[in-house]
Amino acid sequence: MQDINRVVLIGRLTRDPELRKTQSGTSVCSFTLAVNRRQNQDGTQEADFINCVAWNKLADNIQLYQKKGNQLGIEGRINTRSYDNQQGQKVYVTEVIAENVQFLTPRNDFNEQNTLGVTNIPMVLKITLRINRMELRQGITINRMCSMHKA
């Protein structure tokens, strides 16, 4: 029988994902998911904090579109590795290598990256986007709104 190394998780980001590049320019994104366990008999909720890593375009997309608190669905595999730290001690790391990620937090709140694909927009425009969401759907373009609110 063939061995199986498969992980499926649904959890929330504990902090904003961290993107870095390898020496060859490959994108690597590290993040931690808080995954709730079943409730204890006394009604308390505990969570596991699982370190995850994504590579290449998937890494870029996670860093670009996700932030602390967002819910993700992850499919991947468990990876173990070790290295020697600065004190010469061997450190063992277990992490999930994300191979497929679903963004589960709805994108209906027009935050830093909104459904129009506009990033880092001024606060006045953000407020206008929230107020005039219906007008946007009825044909007012983002260019027209920007020209209406230039300082």
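Keep in mind that what you see is a predicted model, and the values were worked out from it rather than measured.
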For a quick test of reading the model, state the closest non-hydrogen atom pair linking [X] to [Y] and the distance between them.
| X | Y | result |
| --- | --- | --- |
| A98 | L58 | O-CD2, 3.6 Å |
| R38 | Q45 | C-NE2, 4.1 Å |
| R12 | T105 | NH1-OG1, 4.1 Å |
| Q63 | P17 | CG-O, 4.1 Å |

I'd like to know if [Y] and [X] are part of one continuous hydrophobic network [Ile/Leu/Val/Met/Phe/Trp/Tyr, side-chain heavy atoms within less than 4.5 Å].
| X | Y | result |
| --- | --- | --- |
| L72 | V35 | yes |
| I97 | L9 | no |
| L104 | I62 | no |
| F31 | Y65 | yes |
| I78 | V93 | no |

Rounded to the nearest 0.5 Å, what separates atom CD1 in I4 from atom CZ in R77?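 Here the rounded value is 15.0 Å.
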
Check whether any side-chain heavy atom of [X] lies under 4.5 Å from a side-chain heavy atom of [Y], and answer yes or no.
| X | Y | result |
| --- | --- | --- |
| E99 | E75 | no |
| L13 | K67 | no |
| T94 | N79 | no |

Stepwise side-chain hydrogen bond (donor to acceptor under 3.5 Å, both in side chains) test for K21 and S27: CA-CA 5 Å; K21 302 280 186 174; S27 296; 2.7 Å; yes

Is the count of non-hydrogen atoms from other residues, nucleotides or ligands lying under 6.0 Å from Q41 atom CD greater than 12?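 At most 12 heavy atoms, drawn from other residues, nucleotides or ligands, come within 6.0 Å of this atom.
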
In terms of heavy-atom contacts, does CG of D42 have more than 12 from other residues, nucleotides or ligands at under 6.0 Å?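 It does: D42 CG has more than 12 such atoms within range.
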
Under 3.5 Å, which donor-acceptor pairs link side chains of residues 46-56 to any protein atom two or more places apart or in another chain?
from: E46; atom 1: OE1; to: R37; atom 2: NH1; distance (Å): 2.9
from: E46; atom 1: OE2; to: N40; atom 2: ND2; distance (Å): 3.4
from: D48; atom 1: OD1; to: R37; atom 2: NE; distance (Å): 3.0
from: D48; atom 1: OD1; to: R37; atom 2: NH2; distance (Å): 2.6
from: D48; atom 1: OD2; to: R37; atom 2: NE; distance (Å): 3.1
from: N51; atom 1: OD1; to: T32; atom 2: OG1; distance (Å): 3.0

Go through the steps for L19 and D60 under the test side-chain contact (heavy atoms from CB on, under 4.5 Å), then give the verdict. CA-CA 7 Å; L19 183 71; D60 294 330; 3.8 Å; yes

